[in-house]
Amino acid sequence: MLLLVAFALLFVLPGPWNGVGFGLCLAAFLGEILFWNRTVKHRRAYVGAQTLIGSQGTALTACRPEGQITLSGEIWKARCKAGVGPGQVVKVVGRDRLTLLVEPVVEAHPALQATPS
């Protein structure tokens, strides 16, 4: 956009000011390109099935040993050796192609936790 403004200033401004305006807009345009190039270059992409390891999801169907879980709003095929029922919270510990390997999350009951003395 700044490049278009720079060329428009060549025809709109009189005398030497058209060159000054063109130069300023061109410098701002190049600065903007360098800024956006630098911010995009340093951003790491976190994609793929490997990023799911360590995440927690909820079992949609019984996983004994295979079933389905929901994770980040997506439905995945899952395998659990220990077996979990629908609605249980599971943790992703690995993957086999597009099947997630999960384990049940064991949450300590609040009444069983030790109270500080």
Side-chain angles (χ1 to χ4, degrees):
M1 185 69 176
L2 284 173
L3 190 60
L4 293 175
V5 172
F7 282 113
L9 289 178
L10 279 175
F11 299 108
V12 174
L13 292 177
W17 294 110
N18 60 356
V20 172
F22 178 79
L24 288 175
C25 284
L26 189 62
F29 172 71
L30 293 175
E32 184 180 18
I33 286 179
L34 289 175
F35 171 76
W36 287 114
N37 188 29
R38 178 169 261 198
T39 58
V40 172
K41 184 185 267 184
H42 294 294
R43 191 179 318 153
R44 290 184 59 173
Y46 294 102
V47 296
Q50 287 296 94
T51 61
L52 299 175
I53 296 175
S55 301
Q56 290 188 358
T58 306
L60 288 177
T61 62
C63 292
R64 294 186 179 102
E66 291 191 356
Q68 291 181 333
I69 66 167
T70 180
L71 183 67
S72 301
E74 297 176 342
I75 298 174
W76 289 85
K77 184 177 176 183
R79 185 178 311 125
C80 181
K81 289 181 183 178
V84 293
Q88 276 189 281
V89 179
V90 294
K91 181 178 180 181
V92 179
V93 294
R95 70 177 182 91
D96 179 22
R97 297 186 183 221
L98 290 178
T99 301
L100 299 179
L101 307 175
V102 298
E103 292 179 350
V105 173
V106 180
E107 297 179 13
H109 193 276
L112 298 177
Q113 292 180 351
T115 57
S117 304

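Quick note: residue numbers are just sequence positions, from 1. Predicted, not measured: the structure shown is a model, and the values here were computed from it.
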Validation: residues 6-32 side-chain donor-acceptor distances under 3.5 Å, sequence neighbours left out:
| residue | atom | partner | partner atom | Å |
| --- | --- | --- | --- | --- |
| N18 | ND2 | L10 | O | 3.3 |

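With sequence neighbours excluded, no residue forms a salt bridge (charged side-chain N to carboxylate O under 4.0 Å, His left out) with K91. Listed by chain and residue number, nothing satisfies the salt bridge (charged side-chain N to carboxylate O under 4.0 Å, His left out) test with E103 (two or more places apart in sequence, or in another chain). For T58, the side chain to side chain contact (heavy atoms under 4.5 Å, CB included) partners are T70, not counting sequence neighbours. Listed by chain and number, the residues in a side chain to side chain contact (heavy atoms under 4.5 Å, CB included) with V84 are A59, C63, C80, Q88, V90, P104 (sequence neighbours excluded). Scanning for salt bridge (charged side-chain N to carboxylate O under 4.0 Å, His left out) contacts around R64 gives an empty result, with sequence neighbours left out.
Scanning both residues, T61 and Q68, for their nearest heavy atoms gives OG1-N, 2.9 Å. Across all their heavy atoms, L52 and W76 have their closest contact at CD1-CZ2, 3.3 Å.
Cluster annotation: W36 and L34 are assigned to distinct hydrophobic clusters (Ile/Leu/Val/Met/Phe/Trp/Tyr, side-chain heavy-atom contacts under 4.5 Å, transitive). V93 is not connected to I53 by any chain of hydrophobic side-chain contacts under 4.5 Å among Ile, Leu, Val, Met, Phe, Trp and Tyr, and they are in different clusters.
For the side chain to side chain contact (heavy atoms under 4.5 Å, CB included) criterion with V92, the lone passing option out of L101, L71, T51 is L71.
V105 belongs to a hydrophobic cluster whose other members, connected by ILVMFWY side-chain contacts under 4.5 Å either directly or through intermediates, are V89. Annotation for I75: hydrophobic cluster partners, listed by chain and number, are L60 (ILVMFWY side-chain heavy atoms under 4.5 Å, direct or chained).
Sorted by first and then second residue, the side chain to side chain donor-acceptor pair (under 3.5 Å) pairs involving residues 78-87 (not counting sequence neighbours) are E66-R79.
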